[in-house]
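Computed from heavy atoms alone, side chains included, the values below leave out hydrogens, waters and symmetry copies.
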Amino acid sequence: MADTTDTKGQSAAGAAGEKQPKSVRVVLLALMIAMMLAMLDNMIIGTAMPTIVGELGGLEHLSWVVTAYTLATAASTPLWGKLGDMYGRKGTFLSSIVIFLIGSALSGMAQNMGELIGFRAVQGLGAGGLMVGVMAIIGDLIPPRERGKYQGMMAGVMALAMIGGPLVGGTITDNWGWRWAFYINLPLGVVALVAVSAVLHLPRKRSKARIDYLGAALLTVGITAIVLVTTWGGTEYAWSSARIMELIGIGVAALVGFVFWQTRAAEPVVPLHIFRSLNFTLMSVIGFITGFVMFGATLFLPLYQQSVQGASATNSGLLLLPMLGAMLVTSMVAGRVTTSTGKYKVFPVVGSALMIVGLYLLSTMDTGTSRLTSGVFMAVVGLGMGCLMQITMLVAQNSVEMKDMGVASSSTTLFRTLGSSFGVAIMGALFNNRVQDVMSERAGALGSKVTEQSAQLDAKSLEKLPVLVREAYQHAVSAGTHSAFLLGAVVAVVALVAAVFVKEVPLKGAGPKEDGKPDTPAAQQPMVEAV
């Protein structure tokens with residue numbers, strides 16, 4: 001692969017480490033908008049779904065509106081990273097924004113559920129490039145030593161999206177109609193598109209190598225099978241059903257074939273040599289566990305607070321404020337400390353420990369736990385995740401060469417995405433089984449009948465239940481969340497073990513200046529053309 005860089009990159013990277021020029025700040029703002037688009041979309045759509053189903057029908061296909069988006073995002077993530085490494089970051093990132101906006105516009109114009117599902121898949125293809133593009137461009141523009149504080153800001157954007165998404169979605173749906181839940185992406189996307197086009201200038205890359213189509217196909221099949229297993233298992237099909245077994249077989253075969261082929265491909269989609277770095281491999285594991293825990297927590301905490309503590313579903317995003325607020329603050333602090341000291345190992349270790357403690361505390365909640373107490377428990381989990389969210393990306397990027405920045409970013413993102421799929425599926429299956437058992441114990445046949453279709457009842461359904469059944473359901477949800485969070489605490493131990501073995505390799509790039517000289521020689525700084 002021919003990869004051309006500009007020798008002016010050394011001084012540019014050094015400048016990035018000292019004081020960001022205005023143009024770089026504009027690009028970073030555009031990147032934050034792009035990440036907000038990818039993160040906010042599912043949060044907004046979730047609150048609009050009842051209205052969408054009411055107009056378009058197709059309730060039986062409702063889950064595919066989310067699944068199609070998730071599948072397309074997960075499957076395309078590694079491909080976007082590799083394309084950026086081969087043909088240049090700017091062009092691939094702009095392409096992903098355009099595809100996302102096309103998918104948003106088409107989704108807003110959908111006339112039936114089938115069209116909406118297909119257009120959501122188009123949106124997901126673009127979203128896969130948005131997340132990877134943001135992280136990889138930051139990796140190009142900002143030296144690792146300075147990167148922590150900016151990636152901390154990105155974690156803040158993620159937290160704000162999770163808090164504000166349901167509120168924004170409800171407001172838009174109630175006042176403008178559900179189609180504007182998709183159309184709202186267009187003006188924001190255009191702003192990001194224009195800013196990146198006008199201001200961002202990265203080294204042009206030309207590759208004579210051919211795209212690894214076989215590797216891409218095998219990886220796509222493998223990821224698709226995994227996501228479908230975690231989405232359908234225990235809901236659409238029993239875990240022991242032939243369909244789930246077939247998908248597991250297909251997924252395993254495709255991924256084994258993918259790994260085998262990557263050792264022989266001329267330009268592999270995911271170069272396996274990046275996993276020779278112990279730190280990169282450990283960060284992939286920690287990222288997987290973080291995704292597992294985070295998305296499991298964001299699924300069950302609002303359910304617990306609404307069903308057991310009587311909180312309003314309208315403000316479901318605010319229910320997570322203690323956790324997400326703590327995550328936001330810790331991410332910012334961790335980024336600043338890493339930038340000023342160059343030390344980072346303490347954050348994965350402390351973060352994993354806090355996550356274990358917080359999840360265990362959440363598992364102790366019952367029908368008598370107050371909102372204040374549960375809020376404190378959530379804050380502990382948030383502190384742990386804040387130490388991990390962006391440090392994992394920072395260390396992973398610091399563990400590879402510049403030419404592999406895209407695949408490193410996409411691989412780390414992919415592991416976190418797969419972790420979230422497994423977390424929701426496994427914790428969800430455990431939760432559902434526990435709810436069914438407790439409902440049978442406390443409310444007999446009527447209790448089993450109430451939750452045979454779904455273990456998650458909305459507020460209106462709860463109000464219609466007899467008092468005895470309603471109280472049984474509250475105990476059942478408490479028991480279900482206990483099992484789910486206890487499992488999360490056990491899984492988080494793996495992250496702590498991985499964090500202990502992380503080696504504190506010095507971060508490349510300029511650190512705090514002393515006697516007018518940066519900590520790191522210019523020769524070790526990333527090669528990036530001035531913006």
Before you tell me yes or no, could you show the steps for Phe275 and Ser284 under side-chain contact (heavy atoms from CB on, under 4.5 Å), namely the whole-Å CA-CA distance, both residues' side-chain angles and the distance that decides it to 0.1 Å?
CA-CA 9 Å; Phe275 291 97; Ser284 298; 4.1 Å; yes
Without hydrogens or angle criteria, can the side chains of Thr369 and Asp366 be said to hold a donor-acceptor pair below 3.5 Å?
yes
Which atom pair, heavy atoms only, marks the closest approach of Ala34 to Val134?
CB-CG2, 4.2 Å
Using a 4.5 Å cut-off on heavy atoms from C-beta on, say whether the side chain of Tyr304 contacts that of Leu362.
no
Does a side-chain heavy-atom distance below 4.5 Å link Met327 with Met294?
yes
Of Leu383, Leu354, Val350, which is the lone residue that meets side chain to side chain contact (heavy atoms under 4.5 Å, CB included) with Thr330?
Leu383
Please set out all donor-acceptor pairs under 3.5 angstrom arising from side-chain atoms of residues 482-502, sequence neighbours excluded.
from: His482; atom 1: ND1; to: Ser363; atom 2: O; distance (Å): 2.5
from: Ser483; atom 1: OG; to: Ala479; atom 2: O; distance (Å): 3.3

Between Arg120 and Ala68, is there a donor-acceptor pair closer than 3.5 Å when you use the side chain of the first and the backbone of the second?
no
Report yes if the side chains of Met385 and Leu388 come closer than 4.5 Å at any heavy-atom pair, otherwise no.
no
For Trp180 and Asn175, what are the C-alpha separation, side-chain angles and deciding distance, and is it a side-chain contact (heavy atoms from CB on, under 4.5 Å)?
CA-CA 9 Å; Trp180 277 97; Asn175 293 283; over 6 Å; no
Output for pair (Met135 CE, Thr412 OG1), nearest 0.5 Å, gives 10.0 Å
Are Ile289 and Ser352 packed together at the side-chain level, in the sense that at least one heavy-atom pair is separated by less than 4.5 angstrom?
no
Can you check whether Thr481 reaches Gln305 side chain to side chain, under 4.5 Å on heavy atoms?
no
For a quick test of reading the model, state the closest non-hydrogen atom pair linking Gly103 to Val122 and the distance between them.
CA-CG1, 3.8 Å
Quick check on side chain to side chain contact (heavy atoms under 4.5 Å, CB included): which of Leu278, Val395, Asn279 does Val505 satisfy it with?
Asn279
OH/Tyr237 to CD1/Ile244 distance, rounded to the nearest 0.5 angstrom?
8.0 Å
Beyond-backbone contact of Ser411 with Phe280, side-chain heavy atoms, under 4.5 angstrom
yes
What is the distance from atom CZ of Phe300 to atom CE of Met427, rounded to the nearest 0.5 Å?
6.0 Å
Mind checking whether Val229 and Trp239 have side chains closer than 4.5 Å, heavy atoms only?
yes
How long is the straight-line distance from CG of Leu394 back to CG of Asn398, given to the nearest 0.5 Å?
6.5 Å
If you round to the nearest 0.5 Å, how far is CD1 of Ile226 from CG of Leu418?
5.5 Å
Output, in order, the C-alpha distance, side-chain angles, deciding distance and verdict of side-chain contact (heavy atoms from CB on, under 4.5 Å) for Tyr183 and Ile172.
CA-CA 10 Å; Tyr183 293 151; Ile172 290 175; over 6 Å; no
Going through the checks in order, is the side-chain contact (heavy atoms from CB on, under 4.5 Å) test met by Gln123 and Asn185?
CA-CA 11 Å; Gln123 240 191 328; Asn185 292 328; 3.4 Å; yes
Any side-chain to backbone donor/acceptor pair from Glu504 onto Lys345? Under 3.5 Å, distance only.
yes
Heavy-atom closest pair, residues Val435 and Ala476:
CG2-O, 3.5 Å
Just say parallel, tilted or perpendicular for the rings of Tyr69 and Phe100, cut-offs at 30° and 60°.
perpendicular
Can you check whether Met283 reaches Ser399 side chain to side chain, under 4.5 Å on heavy atoms?
no
Search all heavy atoms of Ser374 against all heavy atoms of Met365 and return the closest pair with its distance.
CB-SD, 3.5 Å
Minimum heavy-atom distance between Leu414 and Pro78, given as atom pair plus value
CD2-CG, 3.6 Å
So OG1 of Thr77 and CG of Leu125: to nearest 0.5 Å the spacing works out to 10.0 Å
Heavy-atom pair of closest approach, residues Thr413 and Ser409:
OG1-O, 2.8 Å
